[in-house]
K.L.:
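For reference, the structure I am asking about is given below.
Keep in mind that the numbers below use all heavy atoms, side chains included, and drop hydrogens, waters and symmetry copies. It should be emphasised that the depicted structure is a prediction, and the values quoted were computed from it without experimental measurement.
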Amino acid sequence: MSTMIKIAGLSKSFGSLEVLRSVDLEVRRGEVVCVIGPSGSGKSTLLRCVNLLEEPSAGRVEVDGVELTDPDADLDSARRHIGMVFQQFNLFSHLTVGQNLTVAQRKVLKRRGPEALEVARSNLERVGLADKIDAMPSQLSGGQQQRVAIARALAMNPHVMLFDEPTSALDPELVGDVLGVMRGLADEGMTMLVVTHEMQFAREVADRVLFMDGGGIVEQGTPAEVIGDPKQERTRTFLARVLDPTHARPGAEG
Ligand SMILES: Nc1ncnc2c1ncn2[C@@H]1O[C@H](COP(=O)(O)OP(=O)(O)OP(=O)(O)O)[C@@H](O)[C@H]1O
Ligand SMILES: [Mg+2]
């Protein structure tokens, strides 16, 4: 089966505010899809609907052959295979890096201590932080903490990874290491849905770029098509603002 995520007619409203308007999206196994778009366009809501952190108002969400919107679906079991990395790293500050990586493995996957620790170690190695296993999160840079958060998600053996602006809280000099880890994952064949403002990353790593505005997908295609040669006026306006800093307005997204 080659489809990893299948979204059909997905709508989401908060009260009278319609945030997603009948979105259709399929992500193939191994595909890297980057989602771009202005603030408030519904990018995070779309991502959060994929693992039903947000309950859709209408439509279907299927991940890895399991329909999560089915009222009888085993959500806990389905979510185990969906890794999510947020802008805020959400590490437990009172636990070591190693403990941060083992706690869910033990609780959710029922792995025993030594096995969980081994998995933790190998995933920390994957993100270049094997030597930090006994450190406290506060002893790490923001970029290192985000790489720990990625390793923590990977330790659960996800079939798909969702990233919501994983680098936007980081100092510029720390962004590269995190993007490097994500690039490595993409190269290994991980299916990834990534909300990002890093256009260079999207250009180089994405198989497909989606531009969202007003709760819908306005335009999609290869990075060369969407970023290099956008067809829609709204996409052009957005890109002009993100790609050319002199167009950036104070307080504007980008
Ligand atoms: N829990 C909620 N309750 C009410 N409104 C919400 C909620 N979550 C999001 N919204 C609204 O839905 C709209 C879309 O929000 P969303 O976070 O998906 O946008 P976004 O594209 O991720 O924006 P940003 O680039 O700023 O992160 C916004 O108008 C937001 O205020
Ligand atoms: Mg968002």
Side-chain angles (χ1 to χ4, degrees), residues 4-5 27-36 43-44 47 50-51 79-93 95-105 109 116-209 223 227:
M4 178 59 83
I5 301 175
V27 179
R28 294 188 312 274
R29 211 166 280 269
E31 194 179 17
V32 177
V33 176
C34 284
V35 182
I36 62 173
K43 305 180 300 293
S44 295
L47 223 60
V50 171
N51 58 7
R79 283 189 181 125
R80 258 169 235 173
H81 302 298
I82 307 174
M84 184 145 187
V85 175
F86 303 90
Q87 185 174 333
Q88 273 74 30
F89 333 120
N90 300 321
L91 297 177
F92 294 116
S93 58
L95 300 180
T96 66
V97 166
Q99 288 164 340
N100 265 281
L101 264 76
T102 51
V103 68
Q105 291 188 63
L109 302 181
L117 196 61
E118 196 39 51
V119 173
R121 200 180 312 257
S122 72
N123 280 294
L124 283 170
E125 214 157 277
R126 228 166 145 184
V127 302
L129 292 173
D131 56 329
K132 300 293 187 192
I133 193 161
D134 293 320
M136 299 303 287
S138 59
Q139 297 171 309
L140 305 182
S141 73
Q144 289 173 332
Q145 290 186 50
Q146 189 60 300
R147 282 146 67 199
V148 169
I150 294 172
R152 180 178 57 178
L154 293 174
M156 304 298 283
N157 302 116
H159 299 171
V160 54
M161 288 282 286
L162 311 175
F163 292 89
D164 193 354
E165 301 199 38
T167 59
S168 38
L170 301 178
D171 292 335
E173 72 271 22
L174 303 176
V175 167
D177 288 340
V178 172
L179 293 180
V181 165
M182 292 170 62
R183 189 183 299 258
L185 281 180
D187 289 343
E188 289 170 26
M190 179 66 77
T191 309
M192 295 164 55
L193 187 56
V194 185
V195 175
T196 186
H197 291 288
E198 298 289 338
M199 293 302 145
Q200 194 56 30
F201 175 83
R203 266 181 195 274
E204 292 172 15
V205 181
D207 297 301
R208 185 155 45 116
V209 174
I227 301 175

K.L.:
Measure the spacing between CG of Leu185 and OG1 of Thr191 and express it to the nearest 0.5 Å.
P.N.:
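If I round to the nearest 0.5 Å, the distance is 11.0 Å.
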K.L.:
Look up atom CD1 in Ile133 and atom CG in Leu117, then write down how far apart they are to the nearest 0.5 Å.
P.N.:
5.0 Å
K.L.:
Nearest 0.5 Å please: distance from the CE atom of Met190 over to the CZ atom of Arg29.
P.N.:
11.5 Å
K.L.:
With distance as the sole test, does Glu125 use its side chain to make a donor-acceptor pair with the main-chain N or O of Ala130 at under 3.5 Å?
P.N.:
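Not at all, since once roles are kept as given, no pair shorter than 3.5 Å links the two residues.
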K.L.:
Work out which heavy atom in Ile82 is nearest to a heavy atom in Leu162; give both atom names and the distance.
P.N.:
CG2-CD1, 3.6 Å
K.L.:
Quick check: closest heavy atoms across Pro137 and Asn100, and the distance to 0.1 Å?
P.N.:
CG-ND2, 3.8 Å
K.L.:
So, for Ala149 and Val85, which heavy atoms are closest and what is the spacing to 0.1 Å?
P.N.:
O-CG2, 4.3 Å
K.L.:
Considering residues at least two apart in sequence or located in another chain, which fulfil the side chain to side chain contact (heavy atoms under 4.5 Å, CB included) criterion with Ala206?
P.N.:
Cys34, Val209, Pro223
K.L.:
Under the side-chain hydrogen bond (donor to acceptor under 3.5 Å, both in side chains) rule, collect the residues that match up with Glu173, sequence neighbours excluded.
P.N.:
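Result, side-chain hydrogen bond (donor to acceptor under 3.5 Å, both in side chains) vs Glu173: none returned.
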K.L.:
Check the surroundings of atom CZ in Arg80: do more than 12 heavy atoms from other residues, nucleotides or ligands lie under 6.0 Å from it?
P.N.:
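Enclosed: over 12 neighbouring heavy atoms sit under 6.0 Å from CZ of Arg80.
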K.L.:
Measuring from Gln146:CD to Phe86:CZ, what's the distance to the nearest 0.5 Å?
P.N.:
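Here the rounded value is 10.5 Å.
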K.L.:
Applying side chain to side chain contact (heavy atoms under 4.5 Å, CB included), can you list everything that pairs with Ala155, at least two apart in sequence or on another chain?
P.N.:
Gln105, Val119, Asn123
K.L.:
Looking at side-chain heavy atoms only, is the closest gap between Val148 and Val127 below 4.5 Å?
P.N.:
no
K.L.:
Give the minimum heavy-atom separation between Ala120 and Gly98, together with the two atoms involved.
P.N.:
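Minimum heavy-atom contact is CB-O, 4.4 Å.
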K.L.:
Got Val194 and Met182 here, is their nearest side-chain heavy-atom distance under 4.5 Å?
P.N.:
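Touching, per the 4.5 Å side-chain cut-off.
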K.L.:
Kindly give the heavy-atom pair with the smallest separation between Leu170 and Leu174, and that separation in Å.
P.N.:
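The answer is CD1-O, 4.0 Å.
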K.L.:
Listing request: all ring-ring contact (aromatic ring centres under 6.0 Å, His included) pairs with a residue in residues 175-194, at least two apart in sequence or in separate chains.
P.N.:
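Listed by first then second residue: nothing to list.
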K.L.:
With Arg203, which residues qualify under side chain to side chain contact (heavy atoms under 4.5 Å, CB included), at least two apart?
P.N.:
Gln200, Ile227
K.L.:
Can you pull out every salt bridge (Lys or Arg N to Asp or Glu O under 4.0 Å) where at least one residue sits in residues 133-148? Sequence neighbours excluded, please.
P.N.:
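Every salt bridge (Lys or Arg N to Asp or Glu O under 4.0 Å) pair that includes a residue of residues 133-148, provided the two are not neighbours, is Arg147-Asp177.
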K.L.:
Residues in side-chain hydrogen bond (donor to acceptor under 3.5 Å, both in side chains) with Asn157, at least two apart?
P.N.:
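Residues passing side-chain hydrogen bond (donor to acceptor under 3.5 Å, both in side chains) with Asn157: Arg111.
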K.L.:
Quick one: list whatever passes side chain to side chain contact (heavy atoms under 4.5 Å, CB included) with Gln87, sequence neighbours left out.
P.N.:
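Scan of Gln87 (side chain to side chain contact (heavy atoms under 4.5 Å, CB included), adjacent residues dropped) gives Glu165, Ser168, Ala169.
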K.L.:
Evaluate the side-chain proximity of Leu129 to Val97: yes if any heavy-atom separation is below 4.5 Å, no if none is.
P.N.:
no
K.L.:
Among pairs that include at least one residue of residues 152-163, which meet salt bridge (Lys or Arg N to Asp or Glu O under 4.0 Å), considering only residues two or more places apart or in two chains?
P.N.:
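Every candidate salt bridge (Lys or Arg N to Asp or Glu O under 4.0 Å) pair involving residues 152-163 fails, so no pair, neighbours aside, qualifies.
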K.L.:
Find the distance between CG (Leu109) and OG1 (Thr102) and round it off to the nearest 0.5 Å.
P.N.:
11.5 Å
K.L.:
Provide the full list of ring-ring contact (aromatic ring centres under 6.0 Å, His included) pairs with a residue in residues 161-184, sequence neighbours left out, each pair given once.
P.N.:
none
K.L.:
To the nearest 0.5 Å, tell me how far Leu154 CG sits from Arg126 CZ.
P.N.:
4.5 Å
K.L.:
side-chain hydrogen bond (donor to acceptor under 3.5 Å, both in side chains) with Arg208: which residues, sequence neighbours excluded?
P.N.:
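With sequence neighbours excluded, Arg208 shows a side-chain hydrogen bond (donor to acceptor under 3.5 Å, both in side chains) to Glu31, Gln220, given in chain and number order.
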K.L.:
With sequence neighbours excluded, tell me which residues meet salt bridge (Lys or Arg N to Asp or Glu O under 4.0 Å) with Glu204.
P.N.:
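Counting only residues at least two positions away or on another chain, Glu204 forms a salt bridge (Lys or Arg N to Asp or Glu O under 4.0 Å) with Arg183.
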